[in-house]
Protein chains: 2
Amino acid sequence: MLHVAEAARVSVATVSALINGTATVSPQLRQRIEQAIIDIGYKRNAIARSLKMGTTRTIGLTVPHITNPFFTDVVSVIQQAFDRAGYAVMLCCTDEDLNTQDDQIRLLLDRMVDGLIVARVGDGAILKRIVDDANVPVVLLDRVCEGVDTDAVVLDNQRAVFDAITYLIDLGHRRIGYISGSFDISPMHDRMTGYREALQAAGLPVESELVRFGNFHEVDGYNATMQLLSLHDRPSAIFSANNPMVIGTMKAIRDIGLSCPEDISVACFDDFPWSDVFQPQLTTVAQPVKAIGEQAANLLLDRLAGNRDAPPRKLTLKGRLMIRNSCRPLGAPLGAIVQSVSA
Amino acid sequence: MLHVAEAARVSVATVSALINGTATVSPQLRQRIEQAIIDIGYKRNAIARSLKMGTTRTIGLTVPHITNPFFTDVVSVIQQAFDRAGYAVMLCCTDEDLNTQDDQIRLLLDRMVDGLIVARVGDGAILKRIVDDANVPVVLLDRVCEGVDTDAVVLDNQRAVFDAITYLIDLGHRRIGYISGSFDISPMHDRMTGYREALQAAGLPVESELVRFGNFHEVDGYNATMQLLSLHDRPSAIFSANNPMVIGTMKAIRDIGLSCPEDISVACFDDFPWSDVFQPQLTTVAQPVKAIGEQAANLLLDRLAGNRDAPPRKLTLKGRLMIRNSCRPLGAPLGAIVQSVSA
DNA sequence: AGAGGGCGATGAAACGTTTCGAAAATGATG
DNA sequence: CATCATTTTCGAAACGTTTCATCGCCCTCT
């Protein structure tokens, strides 16, 4: 900018005023400056600007895994939304690790991001502290956190799983295996509650041998399913509380020589692009990923636009049970499944 | 830092020296400063530091679509690699749009990213100009670009498709439909060449009616497949040059009342996590995503470590044909497929 | 003609660091 | 004890912007 100012024989203040439109500059100076900008190939240095202005027009986004299709989609939507608004987004993947998450959030705050969207991991205490003394707006995504009072957008997980399990019960299933992720994040807690309540509402017992825990990865789903399938009285259906784990479930079923839905019905949380292309077409709980991402972006953009003091807003969206053909009616002849699906 | 210096009754220079370890400071001052840092809760402002140092420890990464599983995986790997190295990554999705890409790259350069990894889109001319006057290292990912002489890591696309098509030919297929992405990026060009050469090597004609173009999305694959399937003499196999489009292919096959692999064989570029779980298990060309991401990261990290003047390095990795059961031997009884697969 | 007002342009301070040369303190040496 | 060498500390400039108070200028009004 200094060079531009010299070339145009004006002060840097005038150049700045022209670029930002913060003051009117006379036609002849405008002309000279614009020419100088072109000649020199001047590009404004956003870092210097950020330092002075105290804003970077950059936000931080942390998710556990970008390869989980739910987060892939949400990240994509959020990125688009902020791109439209002229913001850059710094992406971090915490890999479900608490320390990694803390480091990354600190990294982001050091870089003076203007806001944060966090799909948190692990214990909320440290997150709370970080969020408290970071004086940037934070919106929690997918996973809320007791004690951290801030904007959030989550799914009605309990209801969604309740509906899914009820669907299985209505099909005649009585022993329904349930594979949960680690219990320290809210959705897993709520989903489990939905499972329990659905069973109870149907007067069925909640048997602990039917509930397995995993750490969100395919291999965890595989192991959990192996355990469920080797039970003396094995379940007739399995519900997996997240998407990567259900891949493990399907592989375990295959490896053990069973097939879905003939021998065992399967449903899971989170839809994915291939769900209705291949066989079996998995029955899933689809989250409104587009809405979730957009709402999260909107909440944050609203804060960034200056609405700092509004009380925390918590949006709860509804999941949708996508019924396909991976769950069969118990007792019904096999042909009935195909029927009900193609309908 | 000023506050810390005052609280510890030292100069800011000393505080800086201590924090960065650029000079030895006496035990008593060290003690006082460290205490002051804790008391005040001081966090170094990375923006101010960047301004002074001329480096942000941040890189820019642009990909066409993050929802394409190939890019999802690559982004994930790259993010991890830079995270380990203490770099942040700014992610941009260009949505296959040239203008968007230009805007985003400019945005990234304004923010003084230290380097750029670009899975480019469209015409390379503008990219070349941008890259030239950005004086940061750039590595091209997946898609190279004539005239842009810089580090790159790509797949041997031609060979990979050659192998896949040859496989289909060996199975007895003679009329093989090919669905390409837009032709202005190198992989699509190379893949098409692989297709042509495989046919020619087998003495088969290259028929233009069997080649369709799409814009990388599911819907494009759907439309292209519909056209192929309504040909008077329809192909017995279809190869889709990218992953999202093959979903459209499968849906079109289903909607038209055919099935895969019984009526039509299908193979595609890019593997995905579900490929060997559901039926049909798609035969795919798997890219070594982990290696691609890591190599790209390493190339850039090496430049960032100071190795600026080495000549451009171009890494070419090999794809791997993952043979599953979505392609059937022509003329063989149907049972043979299942056989060959479960083996 | 002098005062007041609006407009355009500017100088300089500030944002929070790093760094360099110089100053001060310390220790060693003759 | 004076001198020198070495270590430790510091002041101030610089990075590239934005912004605010000020200044000159021209116009209009009394």
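Below, chains carry the letters A, B, ... as their sequence lines are ordered, and counting in each starts from 1.
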Out of [options], whichever nucleotide has its closest atom nearest the side chain of [X]:
X     : options                : value
A/V10 : D/dT18, D/dC15, C/dT10 : C/dT10
B/A13 : D/dT17, C/dG16, D/dA12 : D/dA12
B/R44 : D/dG16, C/dT18, D/dG11 : C/dT18

Is [X] near enough to [N] that one of its side-chain N or O atoms lies under 4.0 angstrom from OP1 or OP2?
X     : N      : result
B/S16 : C/dT18 : yes
A/R30 : C/dG8  : no
B/R9  : D/dT9  : no

With a 3.5 Å cut-off and no angle check, do the side chains of [X] and [Y] form a donor-acceptor pair?
X      : Y      : value
A/D83  : B/Q104 : yes
A/N45  : B/R111 : no
A/D39  : A/Q35  : yes
B/R44  : B/N20  : yes
B/D114 : B/T55  : yes

Exercise. From A/R57 CZ over to A/S50 OG, what is the distance, rounded to the nearest 0.5 angstrom?
Worked result: 10.0 Å

Starting from [atom2] on [N], measure out to [atom1] on [X] and report it in whole angstrom.
X      : N      : atom1 : atom2 : result
A/N45  : D/dC15 : CG    : C1'   : 8 Å
B/I47  : D/dT18 : CD1   : P     : 14 Å
B/K52  : D/dC15 : NZ    : P     : 7 Å
B/H3   : C/dC15 : NE2   : P     : 9 Å
B/L2   : D/dG11 : CG    : P     : 12 Å
B/R111 : D/dG16 : CZ    : P     : 18 Å
B/R49  : D/dT17 : CZ    : P     : 21 Å
A/K43  : D/dC15 : NZ    : P     : 21 Å

Problem set entry | Ring geometry between B/H217 and B/H65 (parallel below 30°, tilted from 30 to 60°, perpendicular above 60°) | perpendicular

For this session: Give B/L29 one of three labels, base, sugar-phosphate or nothing, depending on what nucleic acid heavy atoms sit under 4.0 Å from its own.
Result: sugar-phosphate

For this session: Could you list by number each residue of residues 18-28 of chain B showing a heavy-atom separation from DNA chain C of less than 4.0 Å, or answer none if no residue does?
Result: B/N20

Problem set entry | Salt bridge present between A/D110 and B/R49 (N-O < 4.0 angstrom) | no

For this session: Check whether any side-chain N or O of B/S186 sits under 3.5 Å from a backbone N or O of B/V144 as a donor-acceptor pair, and report yes or no.
Result: yes

Problem set entry | A/R143 to A/F70 six-membered ring, cation-pi geometry met (6.0 Å, 45°) | no

Problem set entry | Terminal axes of the helix from C/dA1-D/dT30 to C/dG30-D/dC1 (five pairs each): angle between them, nearest 10 degrees | 60°

